[in-house]
Amino acid sequence: MSEPSTALTRDAGVRYPLICGAMYPCSNPELVAAVSEAGALGVIQPLSFAYVHSGSFSAGLDRVRDLTDKPLGFNAIVEKSVKAYEKRMRTWIEEALDRDVRFFITALGNPAWVCDVVHSVGGKVYHDVTERRWAEKALEANVDGFIAVNNRAGGHAGKLDPAAVLADLGPLNKPVVCAGGIGDEAGFVKALEMGYEGCQLGTRFIATPECAVHDSYRQAIVKADEEDVVLTDKLSGIDVSVLRNPVLDKVGYRAGPIARWLLRGRKTKHWVRTYYTLRSLRSLKRSSTQGLTYRDSYQAGKSVAGVHKVEPAAEIVDRFGRAWLASCESR
Ligand SMILES: Cc1cc2nc3c(=O)[nH]c(=O)nc-3n(C[C@H](O)[C@H](O)[C@H](O)COP(=O)(O)O)c2cc1C
């Protein structure tokens, strides 16, 4: 009998409908490769490879390909406003395509040019969205599916809960992947039974030996509960989920009045966000590799509630995959 499949497993060429999402600064080649090798989809975060882990994007990509020849994903944050960045992203995508990466997850800007390049070689593009209006725009760009980021996600969280975002996107008739809040296999199976074609997890995979973060980050995730996850706009000018810490408890989680005023201005918004982003790239790299200092925080989502130990990536994939296969059998 043939194994069960979903639109995601077919589009990505993987065994299980499970993605280890891109994570700046936590995506390192060993983690990405371990997830793909185990039958799920490891996603390359090019900035994380180039600036945190491998010295260059190409070296990171080579390292992943030394470890696995299985399908891989690539996270393209399509920010157009910095020309040099867009040029670099185009080069990285070409390199990834040359190394047989065929599944792309776009975020933020207009994914049209990524769709053109990727579709020309038979690949697929799923776009990160938090609600329908962004999904409709992405459909005009010809995307193949959506990564639906909900209000429980690590990184930049959405506003809707998993059921509401699925109901919002369902009528668009494209595969929808659930991103956010899944820490254990019960949550994984439940999301698939709701109608999602797959799940993208981030936080769960930080608590693995393959993820090259400081051990205090892994332990903080294992110890944390849902109430320890709070939103702050101090990192990038928009809300990001982080673990509470004593310094932020003291100084507050919201940007100050001047920054908020600048963030509202049509012209100033862009510059403040760029400033915040550059500052946060440095801060996140520092905390993930050296441990928490008074200036930094750890990003994580509410899925921490389902994470009770540090566990090899392959064991997580295997456990989740078997739970899904069992649920398909019992249906
Ligand atoms: C530390 C961290 C960094 C992240 N960085 C990125 C990123 O660079 N690009 C992106 O598209 N998503 C990013 N995300 C989102 C994840 O890919 C994924 O969608 C999310 O973590 C799912 O929620 P979960 O953490 O509850 O599993 C990040 C998430 C975390 C926890």
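What you are looking at is a predicted structure, and each value in this text was computed from that prediction instead of being measured. One-based numbering, in listed order, for ligands and for the atoms of each.
Between Trp92 and Phe57, the ring planes are tilted. Angles from 30° to 60° get that label.
In this structure a side-chain-to-backbone donor-acceptor pair under 3.5 Å is present from His53 to Pro25.
Ile19 pairs with exactly one of Leu8, Val14, Leu201 by the side-chain contact (heavy atoms from CB on, under 4.5 Å) rule, that one being Leu8.
With a 4.5 Å cut-off on side-chain heavy atoms, Arg102 and Val121 count as touching.
Ion pairing between Arg319 and Glu315 fails under the 4.0 Å rule for side-chain N and carboxylate O.
Residue contacts with ligand 1, taken as heavy atom pairs separated by less than 4.0 Å, do not involve Tyr298 at all. Proximity of Asp128 to ligand 1, defined as any heavy-atom pair under 4.0 Å, is confined to the side chain (atoms from C-beta onward). With a heavy-atom cut-off of 4.0 Å, Lys302 does not touch ligand 1 at all. Residue Gln45 touches ligand 1 through its side chain alone, judged by heavy-atom distances below 4.0 Å. Looking at Thr203 against ligand 1, both its backbone and its side chain come within 4.0 Å, counting heavy atoms.
Remark: ligand 1 and Gly181 share an N or O pair separated by less than 3.5 Å (distance only, no angle test). Here's the thing with Ser303: one of its N/O atoms is less than 3.5 angstrom from an N/O atom of ligand 1. At least one N/O-N/O distance between Tyr24 and ligand 1 falls below 3.5 Å.
At the top of the distance list for atom 4 (C) of ligand 1, counting protein heavy atoms only, stands Met23 CA, 3.4 Å. In terms of protein heavy-atom proximity, atom 18 (C) of ligand 1 is closest to Gln200 NE2, 3.6 Å.
Atom CG of Leu47 sits about 9.5 Å away from atom CZ of Arg88, to the nearest 0.5 Å. For the atom pair NZ of Lys87 and CZ of Arg90, the computed distance is 11.5 Å after rounding to the nearest 0.5 Å. Here the OH atom belonging to Tyr16 is positioned 12.5 Å from the CZ atom belonging to Phe320, to the nearest 0.5 angstrom.
For ligand 1, the atoms closer than 4.0 angstrom to any heavy atom of Arg152 are 26 (O). For ligand 1 and Tyr217, the ligand atoms under 4.0 Å from any heavy atom of the residue are 1 (C). Near Ala179, meaning under 4.0 Å from one of its heavy atoms, ligand 1 places the atoms 19 (O). Near Gly21, with a cut-off below 4.0 Å to any heavy atom, the atoms of ligand 1 are 17 (O). Atoms of ligand 1 lying under 4.0 Å from any heavy atom of Ala153, numbered from 1 in the order shown and given with element: 23 (O), 26 (O). Near Leu201, the atoms of ligand 1 lying under 4.0 angstrom from a non-hydrogen atom of the residue are 27 (O).
For the residues Gly154, Gly301, Gly202, the heavy atom positioned nearest atom 15 (C) of ligand 1 is part of Gly154. The nearest non-hydrogen atom to atom 22 (C) of ligand 1, considering only Ala22, Gly180, Gly183, Gly155, comes from Gly180. Closest to atom 9 (N) of ligand 1 by heavy atom, among Ile19, Val177, Asn75, is Asn75.
Judged by the shortest distance from any of its heavy atoms, Arg204 lies outside the 4.0 Å radius around the atoms of ligand 1. Between Val149 and ligand 1 there is no heavy-atom distance shorter than 4.0 Å.
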*Ser5 and Arg10: side-chain hydrogen bond (donor to acceptor under 3.5 Å, both in side chains), yes or no, with the steps?*
CA-CA 7 Å; Ser5 68; Arg10 294 187 291 276; 2.6 Å; yes
*Step by step, work out the salt bridge (charged side-chain N to carboxylate O under 4.0 Å, His left out) result for Arg244 and Glu227.*
CA-CA 9 Å; Arg244 288 180 67 158; Glu227 307 78 66; over 6 Å; no
*For Lys159 and Glu131, what are the C-alpha separation, side-chain angles and deciding distance, and is it a salt bridge (charged side-chain N to carboxylate O under 4.0 Å, His left out)?*
CA-CA 8 Å; Lys159 290 206 166 21; Glu131 55 184 293; over 6 Å; no
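Asp239 is linked by a salt bridge (Lys or Arg N to Asp or Glu O under 4.0 Å) to Arg254, counting only residues two or more places apart in sequence or in another chain.
Within the structure, ring pair (Phe, Tyr, Trp, His ring centres under 6.0 Å) pairs that include any residue of residues 101-149 comprise Phe74-Phe104, Phe103-Tyr126 (at least two apart or interchain).
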